[in-house]
Amino acid sequence: MTEIRLLEAPDVAAVMELNRAAGWNQTEADWLRLIELEPEGCFGLWCGGRIAATATVVCYGTRLAWIGMVLTHPEFRRRGFARVLTERAIAYAESRVEWIKLDATEMGRPLYLALGFEDEAPIERWRAVLPERAASIALDPFELDRELDGEAFGADRSALLLNLAREEAACAGTEGYVMARPGAKALFVGPCVARRPEAARRLILWVMSRHPGEPVFWDLLPGNPQALALAGEFGFAPARRLVRMVRPGGRPASPWRSDDRLVYACAGFEYG
Ligand SMILES: CC(C)(COP(=O)(O)OP(=O)(O)OC[C@H]1O[C@@H](n2cnc3c(N)ncnc32)[C@H](O)[C@@H]1OP(=O)(O)O)[C@@H](O)C(=O)NCCC(=O)NCCS
């Protein structure tokens, strides 16, 4: 017997089994954050009393919804579970927003193509183990710059940023900001938005200086070659390649506008 219902905080320990089976980086704190940000948009499918599959949605106002955490436990694959949960996620998002996006793995992409998504751009996960020694960098406390982030990302993700800022975050004056958070396999650096490469350099170095010797993931848009150059210079190398995909939502939409050249690190495959 299968049942779909909303994920709640007490489900998180069981849901982590799906993450671990897929080798993903999200932690229990990441799942709790998704549930806190969008309590009506995090779905689980139970089969025979076990959690078998998940899909989550985060809405950024009425402009954009982001689908993530599309995961089916290996024992339950090829039964249509991801399809039915992604359809549920789309239905939830469609009534609320103009555009729906996601970052697709090779395994997920055929499903999303079948559900009306189109390729938008590649997105790459870069990885490094940080040097043991790094000069410390002084930055300013994080302050939300809604305008700069909106120009870069294309939608108002203030609620997400204020939530993530509880972890680790700093600003370089009014030139940009960076965030980081722990992961199951590696520290995750991002999001990072900056007006100029020099500011991005200081922001990323700030994170690096605080985590000597740690493995780090950094998600980059090749649409910003300056960001890729910086990652290469800091000893990072590409580890995975996904495809950012887009589909219209149900609301009348104006054309999409964002600026990848301001994006130095994405927020995570589940957030955009
Ligand atoms: C991708 C994933 C979520 C699919 O889950 P699933 O429950 O097995 O998928 P479904 O049974 O709903 O199948 C959905 C569609 O994808 C296709 N599909 C699923 N797995 C496939 C595979 N390994 N190879 C080719 N096609 C596949 C199916 O044919 C199906 O299409 P159809 O409905 O037209 O027949 C699952 O393999 C998984 O968790 N993978 C690891 C994590 C991941 O990459 N998630 C996607 C994130 S974007």
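Heads up: numbering here begins at 1 and tracks the sequence. Order of listing sets the numbers, starting from 1, for every ligand and every atom in it.
For atom 33 (O) of ligand 1, a protein heavy-atom neighbour is present inside the 4.0 Å cut-off. For atom 46 (C) of ligand 1, the nearest protein heavy atom lies closer than 4.0 Å.
Taking atom 11 (O) of ligand 1 as the reference point, the nearest protein heavy-atom neighbour is G80 N, 2.7 Å. What sits closest to atom 41 (C) of ligand 1 on the protein, heavy atoms only, is R77 NH2, 3.5 Å. The closest protein non-hydrogen atom to atom 39 (O) of ligand 1 is T72 N, 2.9 Å. The protein atom (non-hydrogen) at minimum distance from atom 4 (C) of ligand 1 is A82 CB, 3.7 Å. For atom 25 (C) of ligand 1, the closest non-hydrogen atom of the protein is R78 NH1, 3.8 Å. The protein atom (non-hydrogen) at minimum distance from atom 31 (O) of ligand 1 is R83 NH2, 4.4 Å. Scanning the protein for heavy atoms near atom 16 (O) of ligand 1, the closest one is L111 CB, 4.1 Å.
Judged by distance alone, the side chain of D219 and the main-chain N or O of A265 form no donor-acceptor pair under 3.5 Å. Looking only at distances, no side-chain donor or acceptor of R127 sits under 3.5 Å from a matching main-chain atom of F236. Side-chain atoms of E38 come within 3.5 Å of backbone N or O of C59 as a donor-acceptor pair. Side chain of N224 to main chain of R261: a donor-acceptor pair is present (N/O by atom type, distance under 3.5 Å, no hydrogens or angles). Remark: side-chain polar atoms of R202 are paired, donor with acceptor, to backbone N or O of A138 under 3.5 angstrom. Looking at R96, its side chain does come within 3.5 Å of a backbone N or O of Y92 through a donor-acceptor pair. With T2 contributing its side chain and C47 its backbone, the two residues share no donor-acceptor pair below 3.5 Å.
Looking at G108 next to ligand 1, no N or O pair under 3.5 Å apart turns up. The distance criterion of under 3.5 Å between nitrogen or oxygen atoms is met by V70 with respect to ligand 1. Considering backbone and side-chain N/O atoms, T105 comes within less than 3.5 Å of an N/O atom of ligand 1.
Close contacts between ligand 1 and R79 involve ligand atoms 11 (O) [criterion: under 4.0 Å to a heavy atom]. Close contacts between ligand 1 and M107 involve ligand atoms 1 (C), 37 (O), 40 (N), 41 (C), 44 (O) [criterion: under 4.0 Å to a heavy atom]. Within ligand 1, the atoms closer than 4.0 Å to a non-hydrogen atom of A104 are 48 (S), numbered from 1 in the order shown. Close approach to W24 involves these atoms of ligand 1, each under 4.0 Å from a residue heavy atom: 42 (C), 43 (C), 45 (N), 47 (C). Residue L71 has at least one heavy-atom neighbour below 4.0 Å for each of these atoms of ligand 1: 39 (O), 42 (C).
Here H73 has no heavy atoms under 4.0 Å from ligand 1, in either its backbone or its side chain. Contacts between D103 and ligand 1 below 4.0 angstrom, taking non-hydrogen atoms only, involve the backbone exclusively.
A cation-pi geometry, defined here as NZ or CZ lying under 6.0 Å from the six-membered ring centre and within 45° of its normal, does not hold between R157 and Y60.
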R79/T72 under side-chain hydrogen bond (donor to acceptor under 3.5 Å, both in side chains): CA gap, chis, key distance, verdict: CA-CA 10 Å; R79 301 190 198 181; T72 301; over 6 Å; no

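With sequence neighbours left out, N19 forms a side-chain contact (heavy atoms from CB on, under 4.5 Å) with M16, W24, Q26, W31, M69, L71.
Under a 4.0 angstrom heavy-atom cut-off, P110 registers as lying outside contact with ligand 1. Residue A114 places every heavy atom at 4.0 Å or more from ligand 1. Contact between Y112 and ligand 1 is present, with at least one heavy atom of the residue lying under 4.0 Å from the ligand.
Other members of the cluster containing M1 do not exist, because no ILVMFWY side chain is joined to it at under 4.5 Å.
Note on ring orientation: taking the six-membered ring where Trp is involved, the planes of F153 and W66 are tilted (angle from 30° to 60°).
Two rings, from F188 and F217, have their centers 6.0 Å or more apart.
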